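Single-structure report; data block below.
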Amino acid sequence: MKGKFITFEGIDGAGKSSHVEWLAEWLRAKGLTVHVTREPGGTPLGEKLREMLLNDPMHLETETLLMFAARREHLARVIEPALARGEWVVCDRFSDATYAYQGGGRGLDRTKFQILEHWVHDHVQPNMTLLFDLPLDVARERIAQASRVLDRFEQERADFHERVRQAYLERAHANPSRIRVIDANHPLDDIRKTLEKTVSSICL
Ligand code: TYD
């Protein structure tokens, strides 16, 4: 079977990260080879860029270019080789996050996003994207309970996160066969059942 590329997306506090490992294990139990990775990051250089992106103030376009620089490296060293070997890649965030955060949240001109997307991965798109959606106040409450130092994005105001959420939903609306919206305001077990059904229907 050919390898598949699955991405997870959603606003900060949507709880997607806890489902990434679980889905990978579920796929491995079916005998598939699965790589779990994340963006920004996923390679030694990408993880260094992540450190900067999450902590150092920078111009919006610098932020966008670094996101795509990390992505180029990630595609070349991890994602494309794995898919070429027929293996699966489960990635915590990908280009839809740039569309939502730098585009929706920060107001980057969409045509600049499209140029970079075309340049960096015209030939690769996720087979399926799971968009974890929930009301902003629930997500904010989850972030507020975190006992760690919040990164630059998590520290943004509520209106920033509302624009990110709306941009994600708009992107899902424009790409209904690839992006599946998961209602994240449900108990863990219910969400897992939805994930099983959604991934099986398209990918297995
Ligand atoms: P996140 O998945 O939230 O990491 P963690 O679960 O460990 O907190 O990702 C880090 C942040 O990076 C997140 O707030 C969104 C941001 N981000 C962008 O702004 N643009 C992008 O293209 C990507 C991939 C992430």
Side-chain angles (χ1 to χ4, degrees), residues 5-24 36-43 45-75 78-79 89-110 112-121 124-126 129-134 136 138-171 179 182 184:
F5 181 26
I6 301 181
T7 59
F8 280 62
E9 299 284 357
I11 55 172
D12 289 279
K16 68 185 165 40
S17 300
S18 54
H19 298 290
V20 170
E21 265 306 332
W22 178 83
L23 181 72
V36 174
T37 186
R38 67 173 179 180
E39 291 210 351
T43 64
L45 177 63
E47 290 295 326
K48 285 186 195 165
L49 293 172
R50 178 186 178 95
E51 196 53 38
M52 287 185 235
L53 279 161
L54 266 51
N55 298 300
D56 301 343
M58 62 185 77
H59 187 277
L60 160 64
E61 291 188 358
T62 310
E63 182 176 284
T64 307
L65 289 164
L66 288 181
M67 290 291 179
F68 270 102
R71 185 161 299 137
R72 186 69 196 89
E73 192 70 12
H74 196 201
L75 281 154
V78 178
I79 299 172
V89 177
V90 176
C91 190
D92 194 342
R93 298 193 187 281
F94 192 62
S95 284
D96 296 313
T98 317
Y99 179 90
Y101 280 80
Q102 281 66 51
R106 300 220 197 279
L108 177 83
D109 178 352
R110 298 280 155 88
K112 290 189 174 159
F113 167 80
Q114 282 161 357
I115 290 166
L116 289 168
E117 188 185 34
H118 179 68
W119 181 8
V120 170
H121 62 95
V124 181
Q125 282 291 350
T129 297
L130 301 161
L131 171 57
F132 286 74
D133 182 60
L134 84 174
L136 199 68
V138 183
R140 301 299 289 167
E141 183 58 32
R142 288 187 189 171
I143 293 175
Q145 282 167 8
S147 56
R148 56 189 170 73
V149 179
L150 300 183
D151 66 43
R152 251 172 13 96
F153 297 99
E154 291 166 328
Q155 284 172 23
E156 285 287 347
R157 290 169 20 178
D159 58 325
F160 171 89
H161 290 282
E162 189 56 51
R163 289 195 300 279
V164 172
R165 183 184 182 206
Q166 291 312 322
Y168 266 133
L169 291 173
E170 176 191 307
R171 188 120 162 118
I179 305 180
I182 308 282

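We count ligands from 1, going down the list as the structure has it; atoms in each ligand are counted the same way. The shown structure was predicted, so the numbers you read here are calculated from the model rather than taken from an experiment.
Summary of contacts: the protein heavy atom closest to atom 6 (O) of ligand 1 is Ser17 OG, 3.4 Å. Nearest protein heavy-atom contact of atom 25 (C) of ligand 1 is Pro40 CD, 3.5 Å. Nearest to atom 9 (O) of ligand 1 among the protein's heavy atoms is Arg93 NE, 3.2 Å. The protein atom (non-hydrogen) at minimum distance from atom 5 (P) of ligand 1 is Arg50 NH2, 3.8 Å. Scanning the protein for heavy atoms near atom 8 (O) of ligand 1, the closest one is Glu154 OE2, 3.7 Å. Scanning all protein heavy atoms for the shortest distance to atom 19 (O) of ligand 1 gives Gln102 NE2, 2.9 Å. Among protein heavy atoms, atom 17 (N) of ligand 1 sits closest to Met67 CE, 3.6 Å. Nearest non-hydrogen protein atom to atom 11 (C) of ligand 1 is Phe153 CD1, 3.9 Å.
Salt-bridge annotation for Arg148 and Glu154: present, with a side-chain N of the basic residue lying under 4.0 Å from a carboxylate O of the acidic one.
Side-chain contact of Arg71 with His121: a donor-acceptor pair under 3.5 Å is absent, judged by distance alone. For the residue pair Glu170 / Gln166, no side-chain donor-acceptor distance below 3.5 Å is found, with atom types taken as modelled.
Close approach of ligand 1 to Lys16 (heavy-atom distance below 4.0 Å) involves ligand atoms 2 (O). In summary, the atoms of ligand 1 found under 4.0 Å from a heavy atom of Asp12, numbered by their order in the structure, are 3 (O), 13 (C), 14 (O). For ligand 1, the atoms sitting less than 4.0 Å from at least one non-hydrogen atom of Glu39 are 24 (C), numbered in the order shown with element in parentheses.
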task: Evaluate the criterion salt bridge (Lys or Arg N to Asp or Glu O under 4.0 Å) for residue pair Glu63 and Arg106; output intermediate values, then yes/no.
output: CA-CA 10 Å; Glu63 182 176 284; Arg106 300 220 197 279; 2.7 Å; yes
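Across Ile11 and Ala139, no two heavy atoms sit closer than the pair CD1-CB, 3.6 Å.
When ring centroids are compared, His19 and Phe132 come within the 6.0 Å threshold.
Under the side chain to side chain donor-acceptor pair (under 3.5 Å) test applied with Tyr99, the options Arg171, Arg110, Glu9 reduce to a single match, Arg110. For the salt bridge (charged side-chain N to carboxylate O under 4.0 Å, His left out) test with Asp92, the passing option among Arg38, Arg50, Lys16 is Lys16; the others fail.
Counting heavy atoms closer than 4.0 Å to ligand 1, residue Arg71 contributes side-chain atoms (C-beta onward) but none from N, CA, C or O.
In this structure, the side chains of Phe153 and Val164 stay at 4.5 Å or more apart for every pair of heavy atoms.
Remark: ligand 1 and Thr98 share an N or O pair separated by less than 3.5 Å (distance only, no angle test).
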